[in-house]
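All values derive from a computational prediction rather than experimental measurement.
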Amino acid sequence: MTTNISFSDFDCYKVAPVSFSSPCACPSRPSFCKPFPRPRSSLEFNRLRFVLHGQKGLLRISKSSSLARRHIVAVAHAEPDRIDGKEPEEEVEGGQQLSFQEDPISEQQHKKSQLKKRIVFGLGIGITGGIIVMAGGWVFTVAVAACIFVGAREYFELVRSRGITAGMTPPPRYVSRICSVICALMPILCLYFGQLDVTTTFSAFILAITLLLQRGSPRFSQLSSAIFGLFYVGYLPCFWVKLRCGLAVPAINTEIGARWPFLLGGQAHWTVGLVATLISMSSIIAADTYAFLGGKAFGKTPLTNISPKKTWEGTVMGLGGCIATSVILSKILCWPSSMISAIAFGFLNFLGSVFGDLTESMIKRDAGVKDSGSLIPGHGGLLDRVDSYIFSGALAYSFIKAFMPLYGV
């Protein structure tokens, strides 16, 4: 039988045997059954079909009904205390009294919708991020601080999840909020003072005091999870501020800088920090994209149990895409001028991307959740989107400061 009622309408009605005299065959128990909604047109009435078999009624909702995502086959029968006192035989097609089956077509449409959202929001995030990186200075720093605050909140929600709290005691909520605020202030202090060592040490000391002076019995697991959160979502992302804003030496070999408008900063705007940040972030995007496409097309060998969907084939494709992007951009931006340096820079970005992704996957697996949040449609939480960048900034900055003897070489 087919009907135009919605799934919520169907769910609120008692499925009961029917007769030609009344839509409810249980007059002695009127509170347990309600009539179906009256068809709004003769067309809808014609699409409504009751199949009667003796005293048992079979209610069908066909695949062409307005229930796009569910097909329902139900057998209506009277209650055990029905008037004739006999137990009805349940007549079921398919072996179940009430079956719900996912529509493959609707499932494909849902996947396409999610992919469309992922692409649209991904492009929006990429364009916005590019503008922020080009602006630099306080604009870039405040944007990093905002991302750190949201990421810290998501991290502590994961720590407080049922999967992780089963084996440890999470820090109190007020400690989580204090740590999130401290993490958000760290990039601002990094830009102002130009260093992180004093800020990080002082922040860890404040967290330790706060936990030790709490009511009740402090736990080591509370301290360890809070300090790791301070390091993971606070200290490490600050290296992007040091990379973008701290390396202020002009990239004199960059041809784009020579033609850059004076109103937008002129050639002095194109610093080593800007060029290195653009290459690093672009390489990470390429690594994620090629790894995803390579895994979809050729993935057969699992990479690790932490993230079952990641494969060695996709990882190799991601490595190739990351290094290729780094080399191509180094030729366009004329930094670094050495091919070996460009390859090494791309390789380090890839390592930071992969292990940042796996670290967050490990946390989510222990927490028993798929996504860290639902902030970005099609992507999940903010940590799901930026996990590849957490370690990469520190590796890129350390590579330039420790292994490259001169800026622009």
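The OG1 atom of Thr199 sits 11.0 Å away from atom CD1 of Ile182, with the distance rounded to the nearest 0.5 Å. To the nearest 0.5 Å, the span separating CZ on Phe391 from CG on Leu358 amounts to 10.0 Å. The structure places CZ of Phe121 at 13.0 Å from CZ of Arg385, a figure rounded to the nearest 0.5 Å. Put simply, CZ on Phe140 and CG on Leu191 are 10.5 Å apart, with the number rounded to the nearest 0.5 Å. Rounded to the nearest 0.5 angstrom, Trp312 CH2 and Leu319 CG are separated by 10.5 Å. Note: Ile178 CD1 to Leu230 CG = 12.5 Å, rounded to the nearest 0.5 Å.
Counting heavy atoms of neighbouring residues, nucleotides and ligands inside a 6.0 Å radius, atom CZ of Phe156 exceeds 12 of them. Few gaps surround OH on Tyr174; more than 12 heavy atoms of other groups in view lie less than 6.0 Å from it. Under a cut-off of 6.0 angstrom, the local environment of CZ in Phe228 is crowded, with over 12 non-hydrogen atoms contributed by other residues, nucleotides or ligands. The environment of CE in Met339 is sparse: at most 12 heavy-atom neighbours from other residues, nucleotides or ligands sit within 6.0 Å. In this structure, Ile209 places its CD1 atom where more than 12 heavy-atom neighbours from other residues, nucleotides or ligands lie under 6.0 Å away.
Residues His269 and Ala135 come closest through the heavy atom pair CE1-O, 4.0 Å. Closest approach of Ala342 to Ser326, counting heavy atoms only: O-OG, 2.8 Å. Between Val144 and Pro237, the shortest heavy-atom contact is CG1-O, 4.2 Å. Between Tyr232 and Gly356, the shortest heavy-atom contact is OH-O, 4.0 Å. Closest non-hydrogen pair, Leu211 versus Pro171, comes out as CD2-CB, 4.3 Å. Minimum interatomic distance between Pro172 and Gln222 (heavy atoms only, all atoms of both residues): CD-NE2, 3.9 Å.
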Do any side-chain atoms of residues 370-378 form donor-acceptor pairs under 3.5 angstrom with protein atoms, and if so which ones, sequence neighbours left out?
{"from": "Ser372", "atom 1": "OG", "to": "Glu154", "atom 2": "OE1", "distance (Å)": "3.0"}
{"from": "Ser372", "atom 1": "OG", "to": "Asp384", "atom 2": "OD2", "distance (Å)": "3.2"}

Which pairs would a plain distance check flag for residues 242-249, meaning a side-chain donor or acceptor within less than 3.5 Å of a matching protein atom at least two apart in sequence or in another chain?
{"from": "Lys242", "atom 1": "NZ", "to": "Gly194", "atom 2": "O", "distance (Å)": "3.3"}
{"from": "Arg244", "atom 1": "NE", "to": "Val133", "atom 2": "O", "distance (Å)": "2.7"}
{"from": "Arg244", "atom 1": "NH2", "to": "Val133", "atom 2": "O", "distance (Å)": "3.2"}
{"from": "Arg244", "atom 1": "NH2", "to": "Met134", "atom 2": "O", "distance (Å)": "3.4"}

Cut-off 3.5 Å, no hydrogens considered: what does the side-chain donor-acceptor table look like for residues 345-354, sequence neighbours left out?
{"from": "Asn349", "atom 1": "OD1", "to": "Ser280", "atom 2": "OG", "distance (Å)": "2.7"}
{"from": "Asn349", "atom 1": "ND2", "to": "Phe345", "atom 2": "O", "distance (Å)": "3.0"}
{"from": "Ser353", "atom 1": "OG", "to": "Asp288", "atom 2": "OD1", "distance (Å)": "3.3"}

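Residue pairs meeting the salt bridge (charged side-chain N to carboxylate O under 4.0 Å, His left out) criterion with at least one member in residues 192-221, sequence neighbours excluded, do not occur. Applying the salt bridge (charged side-chain N to carboxylate O under 4.0 Å, His left out) definition to pairs two or more places apart or across chains, those involving residues 290-313 are Lys310-Asp357.
The closest donor-acceptor contact from the side chain of Ser392 to the backbone of Ser388 lies under 3.5 Å. Checked by atom type and distance alone, the side chain of Ser224 pairs as donor or acceptor with a backbone atom of Ser221 at under 3.5 Å. Thr304 places no side-chain N or O within donor-acceptor distance of the main-chain N or O of Ser307, the cut-off being under 3.5 Å. Without hydrogens or angle criteria, Trp240 side chain to Tyr389 main chain gives a donor-acceptor distance under 3.5 Å. At distances below 3.5 Å, at least one donor-acceptor pair connects side-chain atoms of Ser161 with backbone N or O atoms of Leu158.
Take Glu157 and apply the salt bridge (charged side-chain N to carboxylate O under 4.0 Å, His left out) test, not counting sequence neighbours, and it matches Arg173.
Contact annotation: the side chain of Met186 never approaches that of Ile148 to less than 4.5 Å [non-hydrogen atoms, C-beta and beyond]. Two residues are said to be in side-chain contact when any heavy atoms from C-beta on lie closer than 4.5 Å; Leu382 and Arg153 fail this criterion. Between Val181 and Phe149 the shortest side-chain heavy-atom distance falls below 4.5 Å.
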### Task
List the steps and the verdict of side chain to side chain contact (heavy atoms under 4.5 Å, CB included) for Thr325 and Ile279.
CA-CA 8 Å; Thr325 302; Ile279 294 177; over 6 Å; no
### Task
Kindly indicate, with the supporting measurements, whether the criterion side chain to side chain contact (heavy atoms under 4.5 Å, CB included) is fulfilled by Arg259 and Gln267.
CA-CA 7 Å; Arg259 299 190 297 268; Gln267 186 174 3; over 6 Å; no
### CA sep, side-chain torsions, deciding dist, call: Thr311, Phe298, side chain to side chain contact (heavy atoms under 4.5 Å, CB included)
CA-CA 9 Å; Thr311 62; Phe298 310 106; over 6 Å; no
### Task
For Leu278 and Trp270, run side chain to side chain contact (heavy atoms under 4.5 Å, CB included): C-alpha distance rounded to whole Å, both residues' side-chain angles, the deciding distance at 0.1 Å, then the answer.
CA-CA 11 Å; Leu278 289 175; Trp270 283 84; 3.9 Å; yes
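Checked against Val275 for a side-chain contact (heavy atoms from CB on, under 4.5 Å), the options Leu329, Ile332, Ile256, Leu333 give a single hit: Leu333. Checking each of Ile390, Val150, Ile363 against Leu383 for a side-chain contact (heavy atoms from CB on, under 4.5 Å) leaves exactly one that passes, namely Ile390.
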